[in-house]
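Chain identifiers are assigned alphabetically (A, B, ...) following the order of the sequence lines, protein sequences preceding nucleic acid strands; residue numbering begins at 1 within each chain.
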Number of protein chains: 2
Amino acid sequence: MTRIHAKSCFFPLPQVLSTTSIRSNNRDKHQIAIRAIPVRTGLYTNANYDDDDQLELHTDENGYLTMAKKTSAAMKRPTMYDVAKLAGVSQPTVSRVLNENDTAVAISEETRSRVLAAIEKLGYRPNVLARSLRTQRTQTIALMIADISNGFYHPIARAVQDVARQRDYEVLISNSDHLYENERHFCQVVSRRPVDGVIMVPIHLTEHEIEDYFGKTQTPVSMLGSHLHMEGVDVVYVDDERATYEATRWMITERGYRDFGFIGVADDLPPGPRRFHGFRRAIDEFGLSFDQRFYVEGDFKMEGGAAAARTLLQSGALPRALFVCNDLMAIGAILTLQEAGVQVPDQVAVMGFDDIPEARIIRPMLTTIAQDPRDIGLKLASALFERLESETPIPTRIFESERRLVIRDSA
Amino acid sequence: MTRIHAKSCFFPLPQVLSTTSIRSNNRDKHQIAIRAIPVRTGLYTNANYDDDDQLELHTDENGYLTMAKKTSAAMKRPTMYDVAKLAGVSQPTVSRVLNENDTAVAISEETRSRVLAAIEKLGYRPNVLARSLRTQRTQTIALMIADISNGFYHPIARAVQDVARQRDYEVLISNSDHLYENERHFCQVVSRRPVDGVIMVPIHLTEHEIEDYFGKTQTPVSMLGSHLHMEGVDVVYVDDERATYEATRWMITERGYRDFGFIGVADDLPPGPRRFHGFRRAIDEFGLSFDQRFYVEGDFKMEGGAAAARTLLQSGALPRALFVCNDLMAIGAILTLQEAGVQVPDQVAVMGFDDIPEARIIRPMLTTIAQDPRDIGLKLASALFERLESETPIPTRIFESERRLVIRDSA
DNA sequence: TGTGGCTATGCATACGAATACATGCATTCG
DNA sequence: CGAATGCATGTATTCGTATGCATAGCCACA
């Protein structure tokens with residue numbers, strides 16, 4: 001979309017031609033159309049013409065161009081300036097009407113109503129970009145979750161949105177799919193596109209990287225996960241080490257299982273090792289032995305759980321009880337075991353972690369450790385907004401969100 | 001955060017004091033601190049001072065203030081101007097180095113490398129707000145889905161993000177939860193915060209409203225749903241009327257069911273009535289009667305399906321086969337029926353619509369009509385980007401996405 | 001040696017809104 | 001009745017970037 005100033009289209013008066021416009025081989029029709037008409041030196045119209053504009057050309061009695069008006073202007077969004085013109089006031093006055101909180105500046109009732117009428121008539125909407133550029137605030141927070149397909153994160157997203165909307169903030173949701181590359185991409189995007197705050201579930205990101213991306217710009221951050229501790233970053237965590245410990249204990253003491261397997265995840269997915277540690281602690285405490293063959297890794301997804309179960313099946317032997325470090329994998333594992341004719345929980349008991357909606361769909365219903373994702377989301381968002389709204393620096397805070405064992409039928 | 005220009009803090013020379021600053025009862029320490037030092041008329045520093053800035057004040061031999069320097073400046077993000085200063089070039093030159101595509105403007109290798117080094121050293125990142133304000137493009141598209149908890153939408157979101165990332169666009173995801181209010185809110189947000197394009201799954205929005213929000217600004221839009229037809233708006237649809245028709249036919253001819261129930265949704269949720277229509281067409285075509293008692297409404301969610309099933313159970317009689325207009329409700333219904341001791345499919349057969357992942361978790365596995373949400377997402381995004389990138393207007397296009405009957409165990 | 005062209009860069013401005021500062025007028029106060 | 005004050009508004013500037021236009025230096029050509 002070439003833009004041409006009317007003045008640069010003038011032909012017979014070289015002094016108003018820029019070198020650029022002489023040299024350009026820009027030969028579009030409007031330039032030619034305007035060229036046919038002489039223009040007085042100094043005539044300058046503020047308008048820009050796009051390639052597909054229809055121009056209406058006015059000339060004076062001597063044949064000089066006096067006005068070139070767009071007849072087919074692609075309707076541009078009205079600005080405060082348009083509103084101001086229509087209301088017969090200045091642009092800042094419009095701004096003041098809109099931002100009543102402007103330090104005690106009064107606007108007369110009459111002006112206010114005229115401005116509001118003009119806004120209404122033009123359908124004016126403030127341009128958030130311009131406002132943000134000026135105020136250095138975007139009224140936007142960014143949320144990065146680890147897996148949009150995992151029902152665990154939905155209530156978190158909802159809760160964050162609820163809190164944000166209440167404060168008139170928008171939420172930019174992003175989904176990392178547990179991939180380091182996506183996490184980094186998120187940080188990059190967010191550090192270029194200023195947001196006022198960040199909530200995230202970092203899996204692979206290191207403290208150093210997070211500091212790198214957000215420390216410099218002082219962007220408030222709150223995160224889910226107990227593996228990171230950073231100055232000035234609020235953390236919400238669930239004590240999953242203890243949760244798996246207690247759940248494993250329960251399986252041992254209440255259900256009498258002694259022969260365990262574990263479906264975990266790679267070491268670079270922090271909650272996995274932590275949960276395994278709690279599991280292992282209980283096993284060791286009871287002096288049970290743990291057969292390394294029964295430790296298999298998945299990827300937090302249903303298919304990963306299914307693959308892990310296939311691995312176990314192929315190994316020939318099965319543990320009596322299987323602790324799976326999240327529900328999605330637990331479900332994948334159960335379905336695979338059942339397909340292979342293995343009875344759950346009679347032959348293999350399965351314990352999950354999260355309590356996502358699907359845990360109540362599968363038969364047998366999944367015994368699992370329930371987290372409270374809505375609570376997590378609310379805590380994350382509240383902490384962030386406290387930071388956003390606080391005048392004074394707030395010391396790092398750590399919030400624990402509760403979890404509890406939900407006993408159903410699978411273990 | 002009060003900002004004070006150094007010049008307005010001058011005390012002994014009234015002529016440089018603004019009326020505002022004389023009158024204001026702003027008595028913060030920095031104003032006072034600077035006031036103690038005389039300033040020559042005309043001295044003006046470009047810097048703004050925040051309340052918590054530490055100032056380093058320099059005076060000349062006569063005791064006049066010559067310089068006020070921030071010592072504790074909260075590190076601001078560097079701008080092109082900072083880069084330019086460091087590299088010893090002008091700001092536009094930096095801009096040109098960054099945007100190599102700038103119409104054939106050449107930059108010498110030496111300058112380029114100096115600029116790049118400065119960028120590296122300062123950790124400069126372009127400010128997307130400023131860029132967008134200038135270019136009128138945001139490199140962002142907005143996506144509104146109807147229910148983040150419904151697995152049907154996840155592949156759509158992923159596909160849209162995949163396409164967008166490939167073109168270096170960001171995606172703003174929003175979730176309407178099927179609520180009209182949220183849909184309108186989305187439109188308002190998006191029409192204030194300019195995005196380059198919009199993809200949405202409008203449920204309640206009317207063509208008139210959509211035209212109102214996006215028509216004026218010429219924002220390219222593509223939508224999922226066959227109930228809307230708008231000039232210049234691409235639509236992807238699944239022929240769900242026909243899909244339910246065929247599936248119902250199949251239940252009649254292949255399974256021999258004659259006595260049907262239907263769990264639908266309120267008339268203002270368009271896909272519902274459409275699906276009911278296809279269902280009804282098959283029923284009528286085979287001359288079967290349809291007992292109105294067996295038509296119950298839900299809300300597209302699992303709990304809605306459960307509630308609908310409870311209504312049916314309470315009514316005393318049950319149909320032999322139940323067509324549920326989406327999987328989430330179908331699953332809710334099956335679980336409720338099973339809880340009540342009803343055998344699925346032996347007493348009541350259940351057919352769903354969508355084929356979400358949960359359809360394979362529930363037992364019996366859900367017989368359903370599979371849509372291809374990834375395909376839908378790809379089509380939506382491709383259509384949008386074609387429009388975004390096209391120089392010339394593109395006529396309205398309508399894409400059909402395939403669906404197919406997936407026969408499992410529930411019907 | 002002047003003219004024109006090219007290369008590499010600088011200068012000025014615009015995007016839309018918020019805000020520091022200025023001002024005209026009416027009011028108040030001594 | 002003049003000076004200070006407050007109200008309602010206008011003017012100028014700013015945010016960070018992209019870009020239209022200008023220009024300095026060089027080279028080629030006549």
Side-chain donor-acceptor pairs of residues 116-126 of chain B under 3.5 Å, sequence neighbours excluded:
none

Rounded distance (Å) that lies between atom P of D:dA8 and atom CD of A:Glu109: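 Atom-to-atom, A:Glu109 to D:dA8, this comes out as 10 Å.
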
Exercise: identify the closest heavy-atom pair between B:Tyr169 and B:Leu388: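 So the two residues come closest at CE2-CD1, 4.0 Å.
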
Taking every non-hydrogen atom, the tightest pair across B:Gln91 and B:Tyr81: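 In this case the closest contact between B:Gln91 and B:Tyr81 is CG-N, 4.4 Å.
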
Residues in contact with DNA chain C, drawn from residues 117-130 of chain B - heavy-atom cutoff 4.0 Å: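 DNA chain C contact set from residues 117-130 of chain B: none.
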
Polar pair under 3.5 Å, donor/acceptor by atom type, side chain B:Arg96, base D:dG20: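 Side chain to base: pair found, below 3.5 Å.
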
Side-chain N or O of B:Arg131 closer than 4.0 Å to phosphate OP1/OP2 of D:dA18: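 Yes.
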
Earlier contact from the 5' end, DNA chain C, for B:Ser108 and A:Tyr81: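 That would be B:Ser108.
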
Side-chain donor or acceptor of A:Thr111 paired with backbone N/O of A:Ile107 under 3.5 Å: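 Pair absent, no side-chain N/O of A:Thr111 close to backbone of A:Ile107.
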
N/O (side chain, B:Thr135) to phosphate O (OP1/OP2, D:dT17) under 4.0 Å: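 Answer is no, no contact under 4.0 Å.
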
Interatomic distance, B:Gln136 CD vs D:dA18 P [rounded to whole Å]: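 The answer, rounded to whole Å, is 13 Å.
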
B:Arg387 side-chain N/O to B:Pro220 backbone N/O, donor-acceptor pair under 3.5 Å: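 Here the side-chain-to-backbone pair does not exist.
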
B:Gln91 CD - C:dA14 C1' separation (whole Å):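 The distance from CD of B:Gln91 to C1' of C:dA14 comes to 12 Å, rounded to the nearest Å.
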
Below 4.0 Å: OP1/OP2 of C:dA18 and any side-chain N or O of A:Ser95: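 For C:dA18, OP1/OP2 do have a side-chain N/O of A:Ser95 under 4.0 Å.
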
Position toward the 5' end of DNA chain C (nearest nucleotide), B:Leu133 or B:Ser90: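 Going by which nucleotide is closer to the 5' end, it is B:Ser90.
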
Donor-acceptor contact present, side-chain B:Asp82 to main-chain B:Thr79, <3.5 Å: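 Judged by distance alone, yes, a pair lies under 3.5 Å.
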
d(CZ, A:Arg134; C1', D:dA12) in whole Å: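 Checked: the CZ to C1' distance equals 11 Å.
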
Donor-acceptor pair, side chain of A:Asp196 and main chain of A:Arg137, under 3.5 angstrom: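 No; zero donor-acceptor contacts below 3.5 Å.
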
Residue closer to the 5' end of DNA chain D, A:Thr93 versus B:Met80 (nearest nucleotide):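 Of the two residues, A:Thr93 wins.
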
C:dA17 OP1/OP2 closer than 4.0 Å to side-chain N/O of A:Ser132: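 No, no such contact exists.
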
Rounded distance (Å) that lies between atom C1' of D:dT9 and atom CD of A:Glu110: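 Distance, rounded to whole Å: 12 Å.
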
